[in-house]
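Worksheet: the structure to be examined is printed underneath.
Fair warning: this is a prediction, and the values are worked out from it, not measured in the lab. Convention: sequence-line order gives letters A, B, ...; per-chain numbering from 1.
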Amino acid sequence: MLEFYDRHARDLPWRGPSATPWGVLVSEVMLQQTPVNRVLPVWTQWLDRWPRPADLAAESAGEAIRAWGRLGYPRRALRLHGAATAITAVHGGAVPATVEELLQLPGIGEYTARAVAAFAFGARVPVVDTNVRRVLSRVVRGVDEPRASATAADRLEMSAYLPEDPATAARFSVAVMELGALRCTAVRPDCERCPLLGRCRWQRAGSVAGVAKRPVQTWHGTDRQVRGRILAQLRAASGPVTELDLLAAGPPDQSRRCLSSLLADGLVESDQPGWYRLPGAPARP
DNA sequence: CACCCGTGGAT
DNA sequence: TATCCAAGGGT
């Protein structure tokens, strides 16, 4: 795995010695459910504008949401701003190094806490994401049916494979993730060029494709779509937007419901009755 | 555990 | 065109 990583890993800016813990943390949050190629330009601009947590904490949350662009799941931007604020207030501006402390930050869960601890600080902790789950399922269990979400059992299983040296263990973890991203992919895996081909239980079992996953929520007409339209309007506007404009995002009842939920989530604020803006944005002249 | 939360490219 | 999928987290 280490040789595979040395020879085939992608050259990503948040990897390597020049990346700061803050840069690693930002990358991990952006990469939650979002492809690498879409994250790359936003990550670069983000770190250029806010090179330290305190730089982001000094801005309004609305600026973070606007800079988030079209990465999706904009609550991540709000939470990343919250994490920067907590890092500044509680940790003196330095990203904490332990899983326990990282888990206290908003938007940092079981996966991201370990990813930051391992990749930014060289901690010897198991890092289990969707790629690792898929590799474990196929190579170790011999079936194409990864568990729906990472469990403590998955982390315990990965712990058994971690090299003793912490820095090497971290490199092993990112190597498994890279294998899942480049070879052991969900669709059309490239088994012919997989370094684990000779020891893969799934391969020996005939590479039987897993059963269809549970149906995903339909997209057209959902609240997520309408919320996305409302937020897109607010991102594009330099100042407040009228309720009338925002409610054009969908059917009246649904639009009102979505606007309310966005307010409840803290992604939108009401400037004055009938006017809305991203949180903390400059008031309407 | 079930459900919700965006976006856009690939097939 | 419809479906799947991409380094999950919070409630």
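- Residue A/Leu12 is classed as a base contact, given a heavy-atom separation below 4.0 Å to a base.
- Rounded to whole Å, atom C1' of C/dG10 lies 13 Å from atom CD1 of A/Ile108.
- In this structure, A/Arg38 and A/Ala113 both approach DNA chain C, and ranking their closest nucleotides by distance from the 5' end singles out A/Arg38.
- Comparing the same atom, C1', in C/dA7 and in B/dC3 gives a spacing of 22 Å after rounding to whole Å.
- Within 4.0 Å of A/Arg114, counting heavy atoms only, lies no atom of the nucleic acid at all.
- When the C1' atom of C/dG8 is taken as reference, atom CG of A/Asn131 falls 12 Å away, rounded to whole Å.
- Of the candidates B/dT7, C/dG8, B/dG6, the closest approach to any side-chain atom of A/Arg70 belongs to B/dT7.
- When each of A/Arg79, A/Gln33, A/Gln32, A/Arg224 is checked for a side chain to side chain donor-acceptor pair (under 3.5 Å) with A/Tyr73, only A/Arg224 meets the rule.
- The residue A/Glu110 sits close only to the backbone: its heavy atoms come under 4.0 Å of sugar-phosphate atoms, none of a base.
- With hydrogens and angles ignored, the 3.5 Å screen pairs a side-chain donor or acceptor of A/Trp68 with a backbone N or O of A/Gly72.
- Listed nucleotides C/dA6, C/dG9, B/dG6 differ in distance to A/Arg134; the shortest reach to its side chain belongs to C/dA6.
- Heavy atoms of A/Gly109 sit under 4.0 angstrom from primed sugar atoms or phosphate atoms, though from no base atom.
- Look at CD1 on A/Ile65: it is 12 Å from P on B/dT7, rounded to the nearest Å.
- In the model, A/Glu28 has a side-chain atom that pairs as donor or acceptor with a side-chain atom of A/Tyr111 under 3.5 Å.
- Among the atoms of the strands shown, none is found under 4.0 Å from any heavy atom of A/Val29.
- Atom CG in A/Asn37 sits about 19 Å away from atom P in B/dT7, given to the nearest Å.
- Checked against B/dG8, C/dG8, C/dA7, the side chain of A/Gln33 finds its nearest nucleotide in C/dG8.
- A residue-by-residue look at A/Leu103 and A/Thr185 shows that A/Thr185 has its nearest nucleotide of DNA chain C further toward the 5' end.
- Among the protein residues, A/Ser27 comes within range of no part of the nucleic acid, since none of its heavy atoms lies under 4.0 Å from any strand.
- Note on A/Leu71: a base of the nucleic acid sits closer than 4.0 angstrom, heavy atoms only.
- Comparing B/dC5, C/dC5, C/dG8 by their nearest atom to the side chain of A/Ala186 picks out C/dC5.
- Comparing A/Ser149 and A/Arg75 along DNA chain B, the residue whose closest nucleotide (by nearest heavy atom) sits nearer the 5' end is A/Ser149.
- Salt bridge absent: A/Arg133 and A/Asp154 never bring a charged side-chain N and a carboxylate O closer than 4.0 Å.
- Neither side chain, A/Ser173 nor A/Arg114, offers a donor N or O lying under 3.5 Å from an acceptor on the other.
- Rounded to whole angstrom, the span from the CG atom of A/Leu182 across to the P atom of C/dA6 amounts to 13 Å.
- Between A/Arg235 and B/dT7 there is a side-chain N or O to OP1 or OP2 distance below 4.0 Å.
- One atom, CG of A/Leu267, and another, C1' of B/dC4, lie 13 Å apart when rounded to the nearest Å.
- C/dA7 atom P lies 13 Å from atom CG of A/Leu40, rounded to whole Å.
- A salt bridge links A/Glu164 with A/Arg124; the closest basic N to acidic carboxylate O contact falls under 4.0 Å.
- Regarding contacts with the backbone of B/dT7, every side-chain N or O of A/Thr34 stays at 4.0 angstrom or more from both OP1 and OP2.
- Between C/dG8, C/dA7, C/dG9, one nucleotide has an atom nearer to the side chain of A/Tyr73 than all others, and that is C/dG8.
- The side chain of A/Arg79 lies closest to C/dG10, out of C/dG10, B/dG6, C/dA7.
- With respect to A/Arg15 and A/Glu178, a salt bridge is recorded, a charged nitrogen being found less than 4.0 Å from a carboxylate O.
- Between B/dG6 and C/dT11, the two P atoms lie 14 Å apart (nearest whole Å).
- A/Trp68 comes within 4.0 angstrom of nothing in the nucleic acid, heavy atoms only.
- One atom, CG of A/Asp129, and another, C1' of C/dA6, lie 11 Å apart when rounded to the nearest Å.
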